[in-house]
Amino acid sequence: MWMRHLPWMLAIAWLGVRIFLGNAWDVDKARNAGVLLNILFVLLLVFVGINKQYRDLRGAQSSFFEDLKACMKPAILYVVLAVAGIGVYYGWLSNDITEIRTARIEQFNTMMSDDALRATFFTEHPELSAKPSEELMATNKENIERSVSVSTAIMGGSLALTFIGFMYSLLAVFFWRTFVRK
């Protein structure tokens, strides 16, 4: 019974922890902790799913794909809920996107205004040396505003968490069928 609600509880817990960490830590540390917490919750759900599958079978046989489905179902539900939480957090509850954009733009602009750093940049990117610094700063700002957004956080989170859920499910089923079930 509680297994049906576990993905919901973990997604709400993730959002609560992420809000707390967003207020307590700097943006990068809080984001990394949120990512690791998502991975941990997916892993937990996968192993709880396979454990429940074998506990419910009580000695009966199941196929590899039935076991995979038992792992993936709660993991994918959590992924959907976590991605919704990511959208809520970055869209309405925090200004992390703005802070990340501002920091990256300022970092590049500082590099372009410092002669030594600009020379190093042009050494690493000789194809850009003909362009004026102002044009490079404007291009950088456009690229950052396009790539650092709520929609990219949602897309990246959904792709990464889905892939992680699938891979952990495959590994869990293999592990369970090879070592635990015997």
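Note that these values count all heavy atoms, side chains included, but never hydrogens, waters or copies made by symmetry.
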Which pairs of donor and acceptor atoms, one on a side chain in residues 128-137, lie under 3.5 Å apart (sequence neighbours left out)?
unit_1: S129; atom_1: OG; unit_2: P126; atom_2: O; d: 2.8

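- The nearest pair of heavy atoms linking V46 to S169 is CG2-OG, 3.6 Å.
- Side-chain contact check for Y168 versus F47: every heavy-atom pair is 4.5 Å or farther apart.
- Here CD of E106 is found 10.5 Å from CD1 of I144. Values are rounded to the nearest 0.5 Å.
- Within a 6.0 Å sphere centred on CZ of F64, heavy atoms belonging to other residues, nucleotides or ligands number more than 12.
- The minimum heavy-atom distance between S62 and R177, with the atom names listed, is O-NH2, 2.6 Å.
- With rounding to the nearest 0.5 Å, the separation of CE in M72 from CG in L45 is 11.5 Å.
- Ring pair F108/F121 is perpendicular by interplanar angle, where above 60° counts as perpendicular and below 30° as parallel.
- Inter-residue side-chain proximity for T98 and R101 is flagged as unmet; no heavy-atom pair is nearer than 4.5 Å.
- T139 OG1 to K141 NZ: the interatomic distance, rounded to the nearest 0.5 Å, is 12.0 Å.
- Inter-residue side-chain proximity for M112 and N140 is flagged as unmet; no heavy-atom pair is nearer than 4.5 Å.
- Side chain of T152 to backbone of S147: a donor-acceptor contact under 3.5 angstrom is found.
- Of all heavy-atom pairs between Y90 and A153, the closest is CD1-CB, 4.1 Å.
- The salt bridge (Lys or Arg N to Asp or Glu O under 4.0 Å) analysis of residues 9-18, with sequence neighbours excluded, yields the pairs R18-D96.
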For residues 154-166, dump all side-chain donor-acceptor pairs below 3.5 Å to protein atoms at least two apart in sequence or in another chain.
unit_1: S158; atom_1: OG; unit_2: I154; atom_2: O; d: 3.1
unit_1: S158; atom_1: OG; unit_2: M155; atom_2: O; d: 2.9
unit_1: T162; atom_1: OG1; unit_2: S158; atom_2: O; d: 2.6

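- Other residues, nucleotides and ligands contribute only 12 or fewer heavy atoms inside 6.0 Å of the CD atom of Q107.
- In terms of heavy-atom proximity, T110 sits nearest to S113 at O-OG, 2.9 Å.
- L77 belongs to a hydrophobic cluster with W8, L81, counting contacts under 4.5 Å between side-chain heavy atoms of Ile, Leu, Val, Met, Phe, Trp and Tyr, direct or through other members.
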Do any side-chain atoms of residues 32-43 form donor-acceptor pairs under 3.5 angstrom with protein atoms, and if so which ones, sequence neighbours left out?
unit_1: N32; atom_1: ND2; unit_2: D28; atom_2: O; d: 3.3
unit_1: N38; atom_1: OD1; unit_2: Y78; atom_2: OH; d: 2.5

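- The closest side-chain heavy-atom distance from D67 to Y54 is below 4.5 Å.
- In plain terms, the two heavy atoms of D115 and R118 that are nearest each other are OD1-NH2, 2.7 Å.
- The stretch residues 78-89 participates, sequence neighbours left out, in no salt bridge (Lys or Arg N to Asp or Glu O under 4.0 Å) pair at all.
- Taking both residues in full, the closest heavy atoms of C71 and A172 are given as SG-CB, 4.3 Å, listed atom of the first, atom of the second, then distance.
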